[in-house]
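Hydrogens, waters and symmetry mates are skipped; everything else that's a heavy atom, side chains included, is used. Since we're looking at a predicted model, the values are computed, not measured.
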Amino acid sequence: MTQFLPTGPLPGTRDFFPEEMSVRQLVFAHLYEVVESYGYLRYDAPMLEPFELYASKSSEEIVAQQTYRMTDRGGRDLVMRPEMTPSVARMIAACAGKLQLPARWYSHPNLWRYERKQRGRYREHWQVNVDLFGTESWEAEAEIFEILAEMMFSVGAKTSDFVLRVSDRALVRGALTANGGVPEEKLDALFGALDQFEKLPVEESKKIITALGLDAERVVATITAPEDEFLKLAPTEVALRSNVARVIREGLVTSQPVQLKFDPLIIRGFTYYTSSVFEIFDTDPENRRSIAGGGRYDNLVGLFGKQRIPGIGFGMGDVTLIDFLHTHQIAPAARVGADVQVISPDPAARGPVKQIAHDLRRAGLRVVTPLEPKKLGKQLEKAAREGVRCAVIAGPDELARGAVKLRDLARSEEREVLLSDLAAAVKQAVARSVSTEVKS
RNA sequence: GUGGGUGUAGCUCAGCUGGUAGAGCACCGGCCUGUGGAGCCGGUCGUCGCGGGUUCGAACCCCGUCAUCCACCCCA
């Protein structure tokens with residue numbers, strides 16, 4: 001018996017069939033456009049990196065348990081990149097000498113983490129990474145937050161659809177030590193507990209905090225303080241240095257208002273984040289995972305060389321973003337099918353059909369021609385089902401007049417067009433059909 | 001790595017307390033020799049996820065396994 005090979009991709013990985021791919025391309029085109037409108041330059045790096053690039057620099061769990069890790073034939077210890085920031089920091093360090101700062105860079109890498117698949121999470125995902133290097137100014141935070149918001153607006157999100165939750169590790173540490181009575185050496189353990197704070201009943205969290213030898217009441221009172229009060233709980237000199245606090249005071253300049261909220265419970269696991277951290281969440285509870293997340297990492301580039309170059313950046317994940325679009329019913333309609341199919345009832349007309357198709361392609365249209373002889377009715381039916389927008393019917397009678405029939409397949413409208421006017425007429429028909437597409 | 005749900009045709013699913021598998025949609029063809037989406041007629045399509053066990057007999061019960069979905073951990 002024949003043993004067929006499986007048709008599906010590896011667990012946790014995805015195939016993108018043309019229909020879904022067209023939706024993705026339309027979405028990402030908006031994101032690239034926003035990022036480039038802020039002057040960011042695109043880069044890329046290898047998907048394989050040495051293990052040491054991540055060891056003890058990013059999240060311990062990701063490195064220890066969620067890496068696709070392998071040894072190459074030269075005995076090198078490699079991982080498929082689980083995140084992009086270490087790679088871009090390496091690249092920035094590599095050209096630090098000749099780099100004009102600030103540097104604004106972005107990329108769209110495929111990233112790999114060996115974890116169990118669930119809503120919003122696969123073993124691989126595509127992340128738009130945006131990073132700004134070379135300044136400690138609060139204006140960097142302002143710019144990054146604005147880009148995040150504009151990316152969301154560019155794909156059709158409204159103000160009420162998402163929240164940008166921001167925090168500052170230095171500020172929270174300051175508040176917890178000054179107001180929460182937490183000694184420095186217990187801060188890291190406490191952050192681990194606070195990461196769970198929203199998911200557990202308050203009493204449970206208090207027990208965990210007490211078990212750390214801390215005053216649970218004071219700690220909880222500190223982290224649950226209203227936003228404007230919290231910002232005053234840290235020592236003044238710490239608060240004055242907080243870029244996030246400054247951005248909240250100054251506000252963002254965006255095309256629509258943004259729900260920007262200070263939230264000390266935004267912790268984030270990457271150990272290289274030094275102060276600002278932030279995440280974007282869907283306001284619809286159907287999507288619980290962050291759509292984008294990032295932070296400031298002022299010491300990461302310093303691991304690769306003497307030059308200390310501060311950085312701030314974020315990743316926006318395709319899985320959560322596209323879940324978001326579907327939940328809010330703002331995903332663009334898939335665009336499959338060519339612009340035009342050139343057919344003829346006369347099999348002997350192959351020459352004119354091919355020539356017309358060639359001319360239309362030269363005019364910038366996406367054109368298909370039949371590969372097998374079929375009845376005209378079948379050809380029209382197939383073309384329409386494939387999503388082709390219009391048909392050019394090159395019959396002998398019309399060709400004798402130097403013309404063809406142009407049929408709008410969606411509207412069932414047909415008229416005779418001179419060959420000399422055909423490209424323009426087709427473009428018009430295609431533009432009309434695209435503008436009437438309904439979003440799904 | 002941990003816990004729970006689900007695996008039957010390409011898709012969505014039905015299949016009673018075990019008696020050897022069905023519908024709709026889709027697909028292909030015909031009615032219809034230069035004009036599609038409707039209708040009617042016909043056709044293709046299943047190791048009932050996989051392996052083992054119980055039974056005269058298993059899609060159905062039991063065990064294992066794999067996949068998938070959801071949650072946890074972590075994170076986009």
Side-chain angles (χ1 to χ4, degrees), chain A residues 1-4 6-14 17 31 58-67 81-85 108-130 148 151 192 195-196 199-200 266-271 273 277-282 286-295 313-324 341 343-349 373-388 390-399 404-414:
Chain A
M1 191 179 304
T2 312
Q3 185 66 49
F4 291 113
T7 55
L10 285 169
T13 67
R14 299 167 291 168
F17 291 94
L31 302 183
S58 36
S59 154
E60 195 176 320
E61 171 150 356
I62 287 177
V63 173
Q65 292 170 30
Q66 298 190 347
T67 43
R81 60 187 176 199
E83 54 152 340
M84 197 60 173
T85 311
H108 193 187
N110 191 209
L111 305 176
W112 295 79
R113 291 179 195 169
Y114 196 88
E115 60 182 325
R116 196 74 78 85
K117 190 215 166 303
Q118 58 192 291
R119 183 168 179 83
R121 290 292 178 271
Y122 286 84
R123 285 181 174 174
E124 51 83 21
H125 73 289
W126 292 83
Q127 191 178 75
V128 176
N129 257 255
V130 178
L148 266 171
M151 286 167 80
D195 216 12
Q196 298 302 304
K199 292 171 184 168
L200 295 173
I266 297 292
I267 309 283
R268 303 191 52 74
F270 292 116
T271 51
Y273 287 139
V277 286
F278 46 90
E279 292 184 84
I280 282 192
F281 284 91
D282 191 344
E286 184 174 355
N287 297 313
R288 294 154 170 270
R289 294 173 185 285
S290 61
I291 295 166
F314 65 87
M316 180 178 282
D318 68 323
V319 181
T320 38
L321 180 65
I322 288 174
D323 280 350
F324 170 86
Q341 169 143 220
I343 57 182
S344 174
D346 178 11
K374 278 205 165 75
K375 283 189 287 189
L376 194 62
K378 290 290 169 198
Q379 305 229 23
L380 289 170
E381 184 181 345
K382 275 193 85 63
R385 277 202 231 180
E386 284 164 15
V388 177
C390 39
V392 166
I393 302 162
D397 301 346
E398 295 90 335
L399 286 174
V404 290
K405 288 238 169 69
L406 173 60
R407 183 176 182 85
D408 183 320
L409 289 167
R411 300 174 181 230
S412 296
E413 289 171 9
E414 188 172 297

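Every residue two or more places apart in sequence or in another chain was checked for a salt bridge (Lys or Arg N to Asp or Glu O under 4.0 Å) with E83(A), and none qualifies. Among residues two or more places apart in sequence or in another chain, the salt bridge (Lys or Arg N to Asp or Glu O under 4.0 Å) test is passed with R14(A) by E124(A), D318(A). With sequence neighbours left out, F314(A) forms a ring pair (Phe, Tyr, Trp, His ring centres under 6.0 Å) with no residue at all. Not counting sequence neighbours, the partners of E279(A) by the side-chain contact (heavy atoms from CB on, under 4.5 Å) test are I266(A), R268(A), F281(A), S290(A). Residues satisfying the side-chain hydrogen bond (donor to acceptor under 3.5 Å, both in side chains) test with D408(A), not counting sequence neighbours, are R432(A). Every side-chain contact (heavy atoms from CB on, under 4.5 Å) that E414(A) has, sequence neighbours left out, goes to I393(A), K405(A), R407(A). Annotation: side-chain contact (heavy atoms from CB on, under 4.5 Å) contacts of P9(A) (sequence neighbours excluded): T13(A), D15(A). Residues meeting the side-chain contact (heavy atoms from CB on, under 4.5 Å) test with E115(A), sequence neighbours left out: Q66(A), R113(A), R121(A).
In the set G36(B), C72(B), A76(B), the nucleotide with an atom closest to the side chain of H125(A) is A76(B). Residue L409(A) places its side chain closer to G36(B) than to any other of C74(B), G36(B), U35(B).
The main-chain N or O of R288(A) is never found under 3.5 Å from a side-chain atom of R119(A) such that the two would form a donor-acceptor pair.
No hydrogens or angles were tested; on distance alone, nothing pairs the side chain of E414(A) with the base of G36(B) as donor and acceptor under 3.5 Å. You'll find a donor-acceptor pair under 3.5 Å spanning the side chain of E115(A) and the base of A76(B), going by distance alone.
In terms of phosphate contacts, K117(A) brings a side-chain nitrogen or oxygen within less than 4.0 Å of OP1 or OP2 of C69(B). The phosphate of C72(B) (OP1 or OP2) has a side-chain N or O of R289(A) nearer than 4.0 angstrom.
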So which protein nitrogen or oxygen atoms get under 3.5 Å of nucleotides 41-45 of chain B's nitrogens or oxygens?
none

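For the pair G293(A) and D408(A), both in contact range of RNA chain B, the more 5′-proximal nearest nucleotide belongs to D408(A). Nucleotides of RNA chain B nearest to M316(A) and E286(A) differ in position, and the one nearer the 5' end is that of E286(A).
For the C1' atom pair drawn from U33(B) and A38(B), the interatomic distance equals 22 Å after rounding to whole Å.
Pairing analysis of RNA chain B (Watson-Crick: purine N1 to pyrimidine N3 plus N6-O4 or O6-N4; G-U wobble: N1-O2 and O6-N3; both under 3.5 Å) yields stems of 3 or more pairs at B:1-7 with B:66-72, B:10-13 with B:22-25, B:27-31 with B:39-43, B:49-53 with B:61-65.
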Contact letters for nucleotides 24-31 of chain B, in which S counts primed atoms plus P, OP1 and OP2 and B counts the base, heavy atoms under 4.0 Å: ---SSSSS
Only pairs under 3.5 Å count here: list side-chain donor-acceptor contacts from residues 379-387 of chain A, not counting sequence neighbours, and write none if there are none.
{"from": "Q379(A)", "atom 1": "NE2", "to": "K374(A)", "atom 2": "O", "distance (Å)": "2.9"}
{"from": "E381(A)", "atom 1": "OE2", "to": "R385(A)", "atom 2": "NH2", "distance (Å)": "2.1"}

